Number of protein chains: 2
Amino acid sequence: MRRMTARPANAHQARLLRLLRDGGPNSRAQLGDQVDLSRSKLAVEIDRLLETGLVVADGLAASRGGRRSHNIRLAPNLRFLGVDIGATSVDVAVTNAELEVLGHLNQPMDVREGPVAVFEQVLAMAAKLKVSGLAEGFDGAGIGVPGPVRYPEGVPVAPPIMPGWDGFPVREALSQELGCPVMVDNDVNLMAMGEQHAGVARSVGDFLCVKIGTGIGCGIVVGGEVYRGTTGSAGDIGHIQVEADGRACACGNKGCLEAHFSGAALARDAEEAARTGQSPELTARLEAAGRLTAADVATAAAAGDSTALDLIREGGNRVGQVIAGLVSFFNPGLVVIGGGVTGLGHTLLASVRTQVYRKSLPLATGNLPIVLGELGPTAGVIGAARLISDHLFSPA
Amino acid sequence: MRRMTARPANAHQARLLRLLRDGGPNSRAQLGDQVDLSRSKLAVEIDRLLETGLVVADGLAASRGGRRSHNIRLAPNLRFLGVDIGATSVDVAVTNAELEVLGHLNQPMDVREGPVAVFEQVLAMAAKLKVSGLAEGFDGAGIGVPGPVRYPEGVPVAPPIMPGWDGFPVREALSQELGCPVMVDNDVNLMAMGEQHAGVARSVGDFLCVKIGTGIGCGIVVGGEVYRGTTGSAGDIGHIQVEADGRACACGNKGCLEAHFSGAALARDAEEAARTGQSPELTARLEAAGRLTAADVATAAAAGDSTALDLIREGGNRVGQVIAGLVSFFNPGLVVIGGGVTGLGHTLLASVRTQVYRKSLPLATGNLPIVLGELGPTAGVIGAARLISDHLFSPA
DNA sequence: CAACTTTCTCCACACCCAGGACAAAGCCGG
DNA sequence: CCGGCTTTGTCCTGGGTGTGGAGAAAGTTG
């Protein structure tokens, strides 16, 4: 079938499309309440949108005490593809225009295999979602990669954990393959956008989203918009020094946050503890599986293993220390913590909170919630869908 | 005489006023090149601005190969008052509409004397500038205070070093006294705006401006706009921890940046060094003056005193360590260092640079200039003038 | 079933603004 | 000094945009 070709012709139409995306189906009258346009003008713009096929009529709305209004919704056949490439796995999801996830696949995969192999996998997963009847084609795709991206062009730049991706034209290539518009961003930024759209960060203008996975990154949202920095590397907090003469890090420095706490560091510490016999729980798991991951630490902690709990607490203190500094500097309205280690849950959260509330000034922490992300692995793909929808729902 | 009452009626007029403010007198044709409006429309808007008296005709421009164009400039009698209240002194300046400083006064003064006493002083200084013939009245005033401000209302909130100012309606009160519009902001933000307007940060969209005076603060500029945070305390980096179990700070914590390096800390360290006889140079100065300031350390260092140099280097390392973290996080296009300690000059700058370039990732530091502010004490007052002019040169 | 409310459409009018025609002013080469 | 050429400024027309009112359509409430 033919996919979406139209784009909003002006800012009003773009505004309306975003309202429908974020608020779901809506009556014409309700839309009118939100946009501050005359009824005549509003009718004209909606009619034009109906003509383009981007929105469709959808029956009558409930009465608000008088004549019933006609409902309007985004075209139900619109489909976005959200791709979240992590260090060790890939998530691919299909959403409708309201960014509801209709289907979601996850597959282990090492980014270091390079863009070609990864793309093959992604395309196979997208095809699988297609044949399962969820989509007949894609109107746009968003994709997140675990490293800095030169944003407008959609090209990774000097990504530390993605050898072979440097300068690879991700946007261009994927757009070719899928035959639809594509936008590329850092995976952490997408997580932030996801939580902003459908998670804990709704209605917060300025917030930080700390993602602790294989590495550590931080999405920065200023005035509702993701801030990417001058060269696209903003939020790269994994290599902030937390210990004067600490552990050696892959980046060449010593004492980096990532070297002391992250999914990878936690796994190493756990294996170490298991080998030296500090924790029977972990030792047993190591013998069973041959190696340990952050998830093993989480289950051990849930079972009350004190070594595991200590590891988490110490890590939380480290991250909390850095976040405390960022809170003083950035004065956000919310801090979201997510990523693979969300399983560590409230033990982690508690020590982060302790550090932040103790080490930042009262004015900045006074009304500052520090919470876990509520979308888990879907945050990234929803954020990816939102990335491309923001792009498509803006005046051409 | 009657002061400016008119305000730009629309975004086009606001745009033109700002172009004239930032670019000085300009021909109609040159303005046309910059605004992308039809000649007819441009002529209409300029005529309206001429009617309001905000701009005036100013003779003929040089020919660009054809008919000579008419010059336009902002009304030469417009006057802004820039006020920069520091912890230990007050700066007051008058500027024209192009934000050129026409007169500048500086007076030692302790903010802790409270808003009433300080205002008396400020008004006296403003009156002095007035009678010297520089202004017949003020069309607007910007004022910076050394603490967090709830921005839209212009009210200090919980300022640590300004007891008695908490909740004082600075904007309202000063507006009453001066009879003109007033805007209030943090002094660090004003310094950033000053350097952006007339200093080293021209044409940089995202940058940080670290001000090291009695305390330490950081102005954050995102996309050309000052970022103030959720509660107006963004940039408050003085209490970021730099040493795990470091010096006790007035805020109640240990190891804060400000406790280890700032104008106040440096003076204490210098006095300590003088008393223990580590530096004959400093000892002599202490005996002569009874106490030491950062300026004494600067002159001692300039004279080659190794103790003074060590103090500066150590301080630079501390600040550099924090800035390195901020650079990783924020990925700015420029870092400006200013404030009272600018006198420490290149010794300080060198150690800051060393730390940042060593501890931040290459992608973020690759093309990152770290420079001293070039406006010195006028940065604050120019920033203050710009604050109010931004306000007045925006659509009503 | 009548009065009131809400929603939607239609239409007249004002305003905005681009772009062309044209006049004014200045440059340059002969 | 004169005639083309360029640049600048003004005037005018026509299309597009958006407001607000009138009134019809559709429902609700008592």
Side-chain angles (χ1 to χ4, degrees), chain A residues 6-20 23-52 54-74 393-396, chain B residues 6-20 23-74 394-396:
Chain A
R7 288 281 288 278
N10 58 44
H12 298 311
Q13 294 186 12
R15 178 87 197 283
L16 290 170
L17 291 174
R18 289 181 192 209
L19 282 172
L20 290 171
N26 237 311
S27 73
R28 292 165 97 106
Q30 276 178 304
L31 288 173
D33 294 344
Q34 299 174 69
V35 291
D36 190 45
L37 283 177
S38 68
R39 281 194 305 264
S40 357
K41 178 65 178 160
L42 179 66
V44 170
E45 295 298 357
I46 291 182
D47 286 347
R48 285 185 194 156
L49 284 174
L50 284 167
E51 267 174 43
T52 65
L54 283 172
V55 306
V56 298
D58 188 34
L60 288 172
S63 167
R64 292 198 292 182
R67 172 176 174 175
R68 293 170 65 192
S69 184
H70 293 268
N71 261 341
I72 297 291
R73 62 176 303 177
L74 288 167
F393 293 168
S394 64
Chain B
R7 288 280 289 278
N10 57 43
H12 298 312
Q13 293 185 13
R15 178 87 197 282
L16 291 169
L17 290 174
R18 289 179 191 210
L19 282 172
L20 290 171
N26 236 311
S27 73
R28 291 165 97 104
Q30 275 178 305
L31 288 173
D33 294 344
Q34 299 173 69
V35 291
D36 192 43
L37 283 176
S38 68
R39 279 196 306 259
S40 4
K41 176 66 178 159
L42 179 67
V44 170
E45 296 297 357
I46 291 183
D47 285 347
R48 287 185 193 156
L49 284 174
L50 285 167
E51 268 174 42
T52 66
L54 283 171
V55 307
V56 298
D58 188 36
L60 288 172
S63 167
R64 293 198 294 182
R67 172 178 175 175
R68 291 170 66 191
S69 185
H70 294 267
N71 263 340
I72 297 291
R73 62 177 302 180
L74 288 168
S394 64

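These figures come from a predicted structure and were not determined experimentally. Residue numbers begin at 1 in each chain, while the letters A, B, ... track the order of the sequences.
Using a 4.0 Å heavy-atom distance criterion, A/Ser38 is classed as a base contact. Residue-level contact check: A/Arg39 touches the bases, meaning some heavy atom is under 4.0 Å from a base atom. Base contact: B/Ser40 has a heavy atom under 4.0 Å from a base atom.
Taking 4.0 angstrom as the limit, A/Ser27 places none of its side-chain polar atoms (N or O) nearer than this to OP1 or OP2 of C/dT7. Dashed line: the shortest gap from a side-chain N or O of B/His70 to OP1 or OP2 of C/dA25 is not under 4.0 Å.
Looking at B/Gln13 and B/Leu54, their side chains never come closer than 4.5 Å, going by heavy atoms from C-beta outward. Looking at heavy atoms from C-beta onward, A/Glu45 lies out of side-chain contact with A/Val35 at the 4.5 angstrom threshold. Taking the side chain as every heavy atom from C-beta outward, A/Arg73 and A/Leu20 never approach each other to under 4.5 Å.
Between the P atom of D/dG9 and the CD atom of B/Glu45 lies a distance of 16 Å, rounded to the nearest Å. The CG-P distance, from A/Asn10 to C/dC16, rounds to 19 Å in whole Å. The interatomic distance linking A/Leu42 (CG) with D/dT17 (C1') rounds to 15 Å, in whole Å. B/Leu60 places its CG atom 16 Å from the P atom of C/dA24, with the value rounded to the nearest Å. Regarding B/Arg68, its CZ atom lies at a distance of 12 Å from the P atom of D/dG9, rounded to whole Å. To the nearest angstrom, C1' of D/dT7 lies 13 Å from CD of B/Gln30. Taking atom CZ on B/Arg28 and atom P on D/dT10, their separation rounds to 5 Å, with Å as the unit. Distance, B/Ile72 CD1 to D/dG9 C1': 12 Å, rounded to whole Å.
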- Decide side-chain contact (heavy atoms from CB on, under 4.5 Å) for A/Leu19 and A/Gln30; before the verdict, give the C-alpha distance in whole Å, the side-chain angles of both, and the deciding distance to 0.1 Å. CA-CA 10 Å; A/Leu19 282 172; A/Gln30 276 178 304; over 6 Å; no
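With respect to the salt-bridge test (charged N to carboxylate O, under 4.0 angstrom), the residues A/Asp47 and A/Arg28 qualify.
B/Arg67 contributes no side-chain N or O that forms a donor-acceptor pair with the base of D/dT7 under 3.5 Å.
Minimum atom distance to the side chain of B/Ala29 is reached by D/dG9, of the listed C/dA18, D/dT17, D/dG9.
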